[in-house]
Each structure stands twice: as structure tokens, then as C-alpha cells.
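Here's the structure we're looking at; comments come further down.
Chain naming here is simple, since letters A, B, ... match the order of the sequence lines and numbering starts at 1 in each.
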Amino acid sequence: MTDEISKQYSPKDVEERWYKFWEENGLFSSKVNPQKKPYVVLIPPPNVTGILHMGHALNNTFQDILIRYHRMKGLESLWMPGTDHAGIATQNVVEKSIAKEGLKRQDLGREKFIERVWLWKEKYGSTIIHQLRKIGASCDWSRLRFTMDEEYSKSVVEVFLRLYEKGLIYRGSYIINWCPRCHTALSDEEAAHQPLKGNLYYLRYPLNRDLSSTRGDLPDYIVVATTRPETMLGDTAIAVNPKDKRYKKLVGKTVTLPLINRQIKIIADSMVDMEFGTGAVKVTPAHDPNDYALGKKHNLEFINVMHPDASMNASAGKYEGLERFKAREKILEDLKGMGLLEKIAPHELSAGHCYRCHTIVEPYLSKQWFVKMAPLAKPAIKAVKEGKIKFYPARWTKVYLNWMENIQDWCISRQIWWGHRLPVYYCKGCNDEAGAIVSGVKPKHCPKCGSADIYQDEDVLDTWFSSWLWPFATFYWPQKGLSPKGTLCEEDLKYFYPTSTLVTAAEIIFFWVARMIMAGIEFQGKIPFRDVYIHGTVRDAEGKKMSKSLGNSIDPLEIIKEYGCDALRFSLISITAQGQDVFLSKERFEQGRNFANKIWNASRFIQMNLIPDSVNSDLCIFFKKEDLSLVNRWILSRFYSTLSEVEKYLDKFRFNEAANSLYGFFWHEFCDWYLEIIKPDISNPHNQLIMYKILEKSLRVMHPFMPFITEEIWQKLPHEGESIMVSSWPHLQKQIIDKKAEKEMSVIFEVIACIRNMRLALEIPPGTLDVGVKIYPSDNHNRILLESNLEYIKSLSRAPNLIIGERYQGLGKEYVNVLSGMHISIPLQGLVDIESYKVKIENKILKAQSDIKAKKSMLSNKDFINKAPKEIVEAEKDKLTALEKEVQKLRGVRDGFKA
RNA sequence: GGGCUCAUAGCUCAGUUGGUUAGAGCGUUGCGUUGACAUCGCAAAGGUCAGAGGUUCAAGUCCUCUUGGGCCCACCA
């Protein structure tokens with residue numbers, strides 16, 4: 001039967017089989033259970049347009065580890081999954097898809113277009129949900145939500161109404177970020193500022209001499225500097241700093257705006273930076289936020305010169321119809337022809353780009369809906385300051401607070417079709433846009449004039465206006481009773497909210513995390529989660545962000561195909577230090593694959609050597625620790641030490657440390673040492689029991705990291721229960737941690753390493769060379785070595801026969817190596833390179849002597865003796881003694897060479 | 001302009017509140033396969049912890065500055 005186990009772990013069928021088993025047996029699902037404490041993680045809902053990339057793989061592996069870990073620890077673990085309707089992104093995708101049929105959304109009309117989006121969503125929207133299954137995500141799929149679900153939309157409307165009633169939602173004309181390609185307003189966060197190589201254009205605006213009463217000592221022009229010359233068509237003033245001597249005389253004068261020939265005033269305002277450009281700034285109140293403020297303050301005219309697609313409109317005169325950058329060229333050309341273009345200087349600037357299509361956004365005056373944020377931010381700041389919500393790593397706290405303390409109002413209306421329609425209506429009869437009717441349902445009659453001719457606001461809400469409700473809208477708030485999925489809305493909310501841990505990337509702290517905290521406190525009166533773990537960004541080997549458009553991405557599904565899911569997960573986790581960016585190359589996944597294979601083969605070895613009934617549970621419980629051999633006590637101790645570390649690291653979100661701790665234990669301690677040592681005596685009942693126990697428990701601890709291989713092996717071993725994923729996390733038995741045994745084993749490792757070194761250094765071929773170990777009678781190493789049954793070394797190194805203690809006498813004439821407390825010797829006849837070995841010993845002596853010198857000077861320092869903790873001082877003293885002893889022995893060895 | 005972050009072995013990176021001889025993976029070199037695993041084992045070489053100063057009995061770790069990368073925020077026309 002054991003012959004059937006393949007020499008190599010092949011993940012393919014294993015992964016599919018067990019995932020199906022888990023899902024079909026309902027092991028992912030969770031429900032209200034008063035007996036247990038809940039542990040809840042909300043998935044950052046991927047966009048329905050999403051395709052699984054490495055960032056998802058990393059993000060969701062962290063979450064799955066936490067969920068599986070806490071589930072095994074006996075908590076009611078819920079990983080709430082779902083997708084985001086991603087307004088602009090999805091609309092763009094569908095627009096592209098209908099473009100293949102030669103259609104624009106306007107050709108279809110709103111209703112038909114939305115139908116197409118839903119069709120698209122049904123067909124492709126769950127791609128990423130299926131892909132998440134491939135990485136082993138143990139989400140409760142029965143609870144899957146979508147931010148455009150009918151029920152979810154009710155939460156969105158409810159929130160809008162409540163905020164409106166509180167006076168926190170208002171409508172107004174302001175300068176917003178406008179994406180001319182997507183045809184919609186964007187929030188400040190959605191307009192990502194990126195450096196741009198541009199120019200600073202110096203334009204001459206002719207001064208109106210005829211209106212001045214001066215003697216002609218005025219210049220012909222006032223020169224303004226701008227990066228966006230096309231907006232000059234909308235200029236309604238020029239501003240200078242009142243302190244600026246250069247322009248003092250000009251304040252109050254007028255200029256003729258070239259090309260348009262509008263008369264505009266020169267005004268003074270302290271907002272103007274005298275250092276920049278010429279110190280005179282053109283003011284375009286409808287196309288720049290600063291100018292807008294100036295316009296309000298100085299009562300200027302607001303002239304919008306662009307259409308929503310950023311082509312010039314009628315106010316642009318003869319430039320009407322030109323696209324903004326074409327208009328720029330033309331205007332510059334014309335100004336140049338008129339001698340009004342003074343110079344062009346290269347200028348680095350930063351401009352907002354649409355985060356969906358990367359078009360340069362246009363600051364644009366338009367009527368939009370906003371949420372007043374300051375009142376919402378206040379308690380959310382407090383919650384974090386009081387430590388109710390903690391960020392890991394902690395430095396993100398500052399980023400969060402800094403943003404929250406300077407928070408701006410949130411533009412929430414979007415001029416697209418795919419999304420939650422604003423619950424706002426207008427009466428055609430009144431024809432009064434200011435008299436908006438905010439209502440959850442369409443009013444039958446206008447409250448003012450009684451007209452039934454009522455229409456809904458065309459705009460939809462920002463996608464994030466639904467995402468920020470994720471922590472409670474997923475539990476159907478504010479609904480009561482039975483949900484469409486058969487869950488109890490209020491009970492669920494009460495039990496699962498607040499959630500436990502949020503795992504996400506830094507990019508969406510403002511978009512999502514901060515806003516969820518505000519919404520949670522505002523609408524539930526409670527924070528939405530306790531811990532926020534912010535992980536790094538996945539980058540390629542050159543440090544570039546992995547993205548499809550750059551063509552540098554590594555497809556996680558390809559990696560799963562080639563190396564297996566557990567390999568993908570383990571490699572990702574083990575190389576990702578807390579909060580640091582990850583630099584990935586394909587080779588990184590070999591480590592995970594190799595580890596999986598190691599686990600596989602160690603298990604295979606154990607299964608091949610496991611005697612039936614030797615590990616039944618009766619036997620397991622009734623053994624006395626003292627009866628166990630040193631190596632068994634040692635491996636038990638190391639297991640529980642490792643377990644303790646893994647728990648400590650997981651609780652602190654130091655996933656890589658936890659993974660590496662496990663890796664080191666299982667591979668280098670359990671496989672390399674323990675299994676090799678017990679191999680010759682593997683049928684010993686104690687050895688049988690302990691090797692099985694350590695394997696089985698290790699599998700459980702490794703399960704959250706590598707769910708598939710651990711399940712596959714666990715099922716083949718004697719086990720209780722239906723699946724490792726619902727087995728219990730090993731209980732940390734601190735009393736089994738045996739520092740003494742660990743120390744004693746380290747002596748043995750030292751002896752063995754020493755012998756191996758000697759053999760290699762002396763180029764002794766593998767064989768049956770006798771090695772003598774002489775132990776000083778007074779030294780307790782004697783006991784350790786005798787007890788440890790060093791015979792095992794024979795099989796380990798395939799080299800020497802070891803002779804211990806008295807039998808050493810007369811065996812070899814020369815000592816060739818020393819350890820504290822013992823001499824190890826090999827007879828020298830016939831050996832080759834003694835000279836090089838002597839050099840090595842000489843070097844060792846020199847090193848030890850220099851260490852001694854350093855230690856002595858340390859110990860003669862009164863401050864050290866007085867101020868350092870006693871243990872440190874004692875330890876240093878011991879070290880000095882040991883070093884001195886070693887030098888003495890090394891000299892003995894060196895002088896012992898006579899051959 | 002403000003803030004964050006990084007610089008440690010040939011490469012990619014760990015290193016927790018300062019306290020043994022600074023670690024891992026990959027790579028390199030040497031040795032090793034008759035029954036767990038060559039996706040393996042044993043070992044070796046390789047580091048003035050970016051530079052300068054400071055605090056301390058003690059600094060890779062804390063502070064200041066410098067140099068060189070990366071990121072975020074901000075209304076520099």
C-alpha cells in the first residue's frame with residue numbers, strides 16, 4: 001500500500017479534490033453560535049471586472065491563514081466574501097465590449113445599457129470568485145454579496161437618506177475633478193496625482209493704457225505664467241500679491257484678454273506667490289480650484305470654456321469645438337503670431353489622472369453632490385487615537401490621522417449609468433432644481449405643486465459610497481427578519497459585527513478603510529473592525545508594480561499550475577516581511593514547492609514505517625516524559641517552542657516569521673535531525689508515537705499556510721474527525737518545552753558537526769574509520785553522550801565508528817579536535833593534509849585569543865559590571881572561561897601533531 | 001513644501017522591546033545516493049550592517065546629519 005505513494009508531491013488532483021470536499025461538506029460556512037466567539041474577516045470585495053493577480057493572491061492568503069487559524073482555535077470563523085460593482089471600471093469594460101458591435105452606450109439608452117452590464121456581470125463577474133477558490137480561500141460562499149444586490153442597494157439608499165436628513169449631504173457647484181473620457185466627476189482620491197513633464201507658458205496680456213490716468217510709465221503688458229494656456233479663454237482677472245512692488249501701480253487697472261478681447265481687472269490677493277513665475281497669475285475661476293476661491297472672494301465671473309468631453313465650448317470663441325490640447329496648440333500659435341507669447345520654459349508639474357482610465361483630469365466647475373466629512377471624521381479619529389482600532393504596522397496610523405484631520409468633503413455623484421442611482425427627484429412642473437426631493441421611493445406627486453411629472457436625478461453614486469458600508473451592509477442592515485439567503489439579519493449583525501481583522505493594501509486606506517470606520521461609527525455606533533493589517537505591494541524583480549498593462553505580472557494561476565497552490569501561498573508568505581513590498585520572480589516559488597515536497601516525503605517515510613496500532617490514542621496519553629529518550633524530549637520541546645512562536649507571530653501579523661519558523665522546524669529539526677536519528681530504531685514504541693505525533697501536529701499547524709497538502713497527508717494518517725481544517729489547533733503545552741533537553745541536544749549536534757568537519761577537512765573518505773571521543777570524567781557531557789546513543793552518528797555521517805569514554809584509550813595517538821569538555825580523536829596514519837588542518841587550528845586560536853582580549857576588556861570595565869544586568873555579566877564571564885579553556889585545548893591539539 | 005520607507009553575504013531579503021559568535025533562501029565551491037526526498041543530504045567560502053557624528057556599560061537596532069533609491073500627501077498658477 002505504501003508503494004502507492006509517489007516520490008513527488010503532485011498538487012493538481014489533490015487541490016481540486018479537497019476544495020470540493022470542503023465546500024460540499026459545508027466546512028466554510030459559519031452561523032451565529034453563542035457557544036463560540038466570532039472571528040470575522042471581510043474580504044476587500046474585488047471588482048467584478050477583476051482578474052486574479054499576485055496582489056489578490058497575497059492579500060487573500062493572509063486572510064485565509066487568519067481565518068483557518070482562528071477556525072481551528074475554536075472560534076466561529078467567518079470570512080465574508082463578495083464583489084464590488086466598480087461603477088466606472090465596469091461601465092468602461094462594457095462600453096468597450098459593445099464597441100465591438102459598433103455601439104455606444106448612448107445608442108442603447110440607459111435602460112438597455114444597464115441590462116447589458118448585468119448580462120456582462122452574470123457572465124464574467126464571478127471570474128475572480130472562482131479564481132479565489134483556486135488559491136484555497138475558505139470564504140463562506142453561501143453568504144456571497146454584491147454591492148448592487150437589491151438588498152445591498154437598500155442599505156445604500158438608507159445611508160443617503162440619513163445623511164441628508166442630518167444635513168451632511170448637500171448639492172452645489174464647485175470645482176471638481178472631471179474625467180473628460182469617462183464623462184464624470186471624480187473624488188479627490190480618484191484623481192491620482194502624477195508628475196508630468198510640461199511647460200510654463202509666459203503670456204503677455206496688453207495693458208489698457210487709455211483707461212489709465214498715468215503719464216505713460218506703465219508697461220505695455222503684464223506677463224502671466226500658466227501651464228494650461230487654453231484656460232485663458234475663461235480668465236476673468238489677473239491677480240498679484242498686494243506686497244509685490246513690481247505690480248503695485250497696476251492693481252485696479254485692466255487688461256485686454258487676448259483672443260477674446262474681454263476686459264479683465266488686475267486684483268490683489270495675498271494668496272499669490274510672488275516667487276512663482278512672474279508673480280502675476282491669470283485667474284480662471286471655472287477651471288481651477290484656487291482661482292475658484294479667488295473668484296468667490298472677489299466676485300468674479302465664472303466662465304466655463306469647455307464641454308464635458310474637454311473640447312472647447314461656445315465661450316471659447318473661435319476655438320469652439322477644438323479638443324483641449326489642440327486648442328492649446330492653436331492658442332499658442334495665435335499668441336505667438338501676435339507677439340504675446342513671451343517664452344516657454346520646461347516645467348515639471350503634477351496633474352490629476354483618472355484612476356480608471358488615466359486620462360488627465362480637468363478641474364471643472366459643475367453641480368455635484370457632496371458629503372460633509374468633518375463631522376463623520378471626528379469620532380473616527382478618536383477611535384483610532386484611543387487605540388480601539390489598531391493599524392499594523394503602526395506607522396499607517398499617522399497616515400490615517402493626517403488624512404482624517406485634513407479631510408475634504410466627498411464628491412459622491414458620478415455622471416455614469418452603472419451604479420446606485422441617487423435617491424433624488426425633481427419636479428418638472430416646478431422646474432426648480434434647487435427643490436430636490438430626497439426620497440427612498442419615487443414620490444407620486446410633487447409636494448409643492450402636486451404635479452405627477454417627477455423624474456429622478458440622472459447621476460449615480462460613487463462606488464465607494466456603497467463599499468464603505470461593507471462591514472454591516474453585508475449583514476443586510478437595516479433589514480430585519482430573514483434575508484434572501486435564509487440568514488437572520490439582525491442576529492447576524494449583532495453576532496458578527498464588529499468584525500475582527502481587516503487585511504488590505506495601503507492604496508485604499510483613504511478610499512475604503514477610513515470611510516468604513518466613519519460609516520461604522522455613524523450607522524452602527526461601533527467601530528467596524530479592531531485590527532487593520534496593511535500589507536505591501538507586489539512588485540516585479542525590478543521593483544515595478546506588477547500590472548497587466550506593464551506586462552510584468554506573474555499569473556498566480558500559472559504558478560499554481562506549475563508549482564501548486566501551497567507552494568504559491570507558502571512562498572508568498574515567507575518572503576513578505578510585515579508591511580514591506582514584495583519583489584517577486586518566478587524562481588521564488590521553487591522554495592515553496594520544495595518545502596511541500598519535503599513535507600510529502602517526510603510523511604511518506606513515516607507512513608512507510610508506521611506500525612499499525614502503535615499510535616492509537618490510548619498509548620498516546622499514558623507516557624511519562626521522563627521515560628522518553630533525549631531526542632524525543634528534544635523534538636517535543638522544539639515542536640512546542642515552534643508552536644509558541646507561530647502563535648506569537650500570527651497574533652502580531654508577522655506571517656513571514658511564523659512561516660519561516662515552521663519551515664526551519666519541520667525541515668531542519670524534524671527531518672534533518674530527528675528522523676535521521678531515530679531511523680535505526682524506528683520501531684521503538686516511543687519513537688513510533690512521537691514521530692507520528694509530531695507529524696500530525698505539525699500538519700495541523702501548517703494547515704492554515706498550506707491547506708491542501710496538509711489535508712491530503714492528514715487524511716492518510718490515522719486521524720480523528722472529517723477534515724484537518726476543522727480539527728483543533730494543537731494546544732500549547734508549555735510544560736513540554738524542555739530547555740535542558742534542547743541544550744543537551746545541542747552538545748550532541750556539536751560533537752557530530754565536529755566529526756563531520758574533521759572528516760571533510762582531513763579528506764577522510766567515507767567508511768568505517770574509528771573515532772574516539774574522550775570525555776572528561778567530571779563533565780556531564782559524558783552522560784549526555786552515553787544516553788544519546790551516539791551509534792546513530794554512524795548512520796548519519798556514514799563515517800566513523802564512535803567509541804566513547806574509556807574505550808577511547810589507546811585508540812589514536814593524536815587529538816585532532818576539541819570541544820568544551822571533550823576531545824575527539826581520529827587516528828592519523830595514512831591521512832593526507834595535516835598541514836592545512838594545522839593552519840585552521842592556528843586560525844581558530846588567533847580568533848579565540850582576540851575574543852578573549854575583547855571579553856577581558858569588557859569585564860574590566862567598571863561601568864559594565866555595575867550597570868549591565870547581572871545575567872549578562874555572568875554570561876560574559878562564562879564565555880571568557882570557555883574561551884580560555886578552548887584556547888588551551890586547541891594548543892594541545894596543535895602541539896599534539898607529531899606525525 | 002510635509003510625511004513615510006529602504007540601504008545588512010555575489011543576488012533577493014529577515015533581524016521584534018539595544019545584550020551570546022549578525023541569519024535565511026537562491027547562487028558559488030567541495031564531498032555524498034544500496035529504501036522518505038537530487039524538488040535531497042553534509043560541509044565550506046563570502047559581511048568594517050551606505051557614510052559621518054552622537055546617546056549608552058553595550059548600537060545592525062535609538063538620535064542627528066549626509067549620500068543614494070522607492071512611495072504617499074499638498075491648491076506651486
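Nucleotides B:G18 and B:C57 place their P atoms 15 Å apart, quoted to the nearest Å. B:G60 and B:G23: their P atoms are spaced 13 Å apart (whole Å). Spacing between B:U61 and B:U5 at atom P, rounded to whole Å, works out to 15 Å. B:U66 sits 13 Å from B:G1 when the P atoms are compared, rounded to a whole Å. Look at the P atom in both B:G3 and B:G10: the space between them is 35 Å, to the nearest Å. Comparing the C1' positions of B:A24 and B:G46 gives a spacing of 15 Å, expressed to the nearest Å. As rounded to the nearest Å, B:C76 and B:A58 have P atoms that lie 48 Å from one another. One P atom belongs to B:C49, the other to B:C42, and the distance between them is 30 Å to the nearest Å.
No engagement by A:V399 is indicated, since no non-hydrogen atom pair under 4.0 Å with the nucleic acid exists. Within the 4.0 angstrom heavy-atom criterion, base atoms lie near A:Q8.
Each of B:A36, B:U39, B:C4 was ranked by its minimum atom distance to the side chain of A:K598; first place goes to B:A36. Minimum atom distance to the side chain of A:R395 is reached by B:U5, of the listed B:G41, B:A14, B:U5. Minimum atom distance to the side chain of A:H347 is reached by B:A77, of the listed B:A77, B:G41, B:C73. For A:N402, the listed nucleotide lying nearest its side chain is B:C73; candidates were B:G41, B:A38, B:C73.
Rounded to the nearest 0.5 angstrom, A:D244 CG and A:S270 OG are separated by 12.5 Å. Note that OH of A:Y201 and CZ of A:R328 are 5.5 Å apart. Values are rounded to the nearest 0.5 Å.
Looking at A:E676, its side chain comes within 3.5 Å of the base of B:A36 through a donor and an acceptor atom.
Rounding to whole angstrom units, NZ of residue A:K398 and P of B:C72 are separated by 18 Å. Taking atom CZ on A:F670 and atom C1' on B:C37, their separation rounds to 14 Å, with Å as the unit. B:A36 atom C1' lies 11 Å from atom CZ of A:F666, rounded to whole Å. In this structure, the CZ atom of A:F749 is 11 Å from the P atom of B:A43, given to the nearest Å. At whole-Å resolution of the value, NE2 in A:H535 and C1' in B:U5 are 17 Å apart. Computed from coordinates, the A:M274 CE to B:C76 C1' distance equals 15 Å when rounded to whole Å. When the P atom of B:C75 is taken as reference, atom CG of A:D273 falls 15 Å away, rounded to whole Å. In this structure, CD1 of A:I222 is placed 13 Å from C1' of B:A77, rounded to the nearest angstrom.
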Open item on the list: The test is salt bridge (charged side-chain N to carboxylate O under 4.0 Å, His left out); show your working for A:R324 and A:E230 and say whether it passes.
Closed with: CA-CA 7 Å; A:R324 56 181 163 166; A:E230 65 279 11; over 6 Å; no
Task: Verdict with reasoning, A:L859 to A:L880, per side chain to side chain contact (heavy atoms under 4.5 Å, CB included) - done: CA-CA 9 Å; A:L859 286 163; A:L880 178 61; 3.7 Å; yes
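A:V399 meets the side chain to side chain contact (heavy atoms under 4.5 Å, CB included) test with A:W396, A:F510; sequence neighbours excluded. Here A:Y392 pairs with A:F653 under the ring-ring contact (aromatic ring centres under 6.0 Å, His included) rule; sequence neighbours left out. Remark: A:F511 pairs with A:Y355, A:W464 by the ring-ring contact (aromatic ring centres under 6.0 Å, His included) rule, at least two apart or across chains. Applying the side chain to side chain contact (heavy atoms under 4.5 Å, CB included) criterion to A:A602, with sequence neighbours excluded, gives A:F666, A:C671, A:L675. Shown here are the side-chain hydrogen bond (donor to acceptor under 3.5 Å, both in side chains) partners of A:E884, two or more places apart in sequence or in another chain: there are none.
Only at 4.0 angstrom or more do the heavy atoms of residues 186-198 of chain A sit from any atom of RNA chain B, so none qualifies. For RNA chain B, the residues of residues 275-291 of chain A within the heavy-atom distance limit of 4.0 Å (strictly under) are A:F276, A:A280, A:V281, A:N290, sorted by number.
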Could you pull out every donor-acceptor pair under 3.5 Å between side chains of residues 862-878 of chain A and any protein atom, sequence neighbours left out?
| unit_1 | atom_1 | unit_2 | atom_2 | d |
| --- | --- | --- | --- | --- |
| A:N866 | ND2 | A:K862 | O | 3.1 |
| A:E876 | OE1 | A:K855 | NZ | 3.3 |
| A:E876 | OE2 | A:K879 | NZ | 2.6 |

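Between the side chains of A:N177 and A:D188, at least one donor N or O sits under 3.5 Å from an acceptor N or O. Counted by atom type alone, A:E645 and A:S661 present one or more donor-acceptor pairs between their side chains at under 3.5 Å.
At the phosphate of B:G35, neither OP1 nor OP2 sits under 4.0 Å from any side-chain N or O atom of A:K679. In this structure, A:N601 does not reach the B:U39 phosphate: none of its side-chain N or O atoms is under 4.0 Å from OP1 or OP2.
Both A:E590 and A:L675 lie close to RNA chain B; mapped to their nearest nucleotides by heavy-atom distance, the more 5′-ward contact belongs to A:E590. Mapping A:N861 and A:K7 onto RNA chain B via the closest heavy atom, the residue that lands nearer the 5' end is A:K7.
The salt bridge (Lys or Arg N to Asp or Glu O under 4.0 Å) contacts involving residues 391-411 of chain A comprise A:K385-A:E405, where partners must be two or more places apart or lie in separate chains. Identified under the salt bridge (Lys or Arg N to Asp or Glu O under 4.0 Å) test for residues 276-297 of chain A, with sequence neighbours left out: A:R228-A:D288, A:D235-A:K282, A:D269-A:K297.
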Open item on the list: Dot-bracket, 5' to 3', for RNA chain B please: Watson-Crick or G-U pairs under 3.5 Å, [ ] where pairs cross earlier ones, | where the partner sits on another strand, dots elsewhere.
Closed with: (((((((..((((.....[...)))).(((((.......))))).....(((((..]....))))))))))))....
Give me the distances for all protein-to-nucleotides 16-20 of chain B N/O pairs that come in under 3.5 Å?
| unit_1 | atom_1 | unit_2 | atom_2 | d |
| --- | --- | --- | --- | --- |
| B:U16 | O2 | A:K652 | NZ | 3.4 |
| B:U16 | N3 | A:Y649 | OH | 3.4 |
| B:U16 | O4 | A:Y649 | OH | 2.6 |

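Aromatic pair A:Y533/A:F391: ring centres not closer than 6.0 Å.
A:Y663 and A:H668 have perpendicular rings, their planes meeting at more than 60° on a 0 to 90° scale where under 30° would count as parallel.
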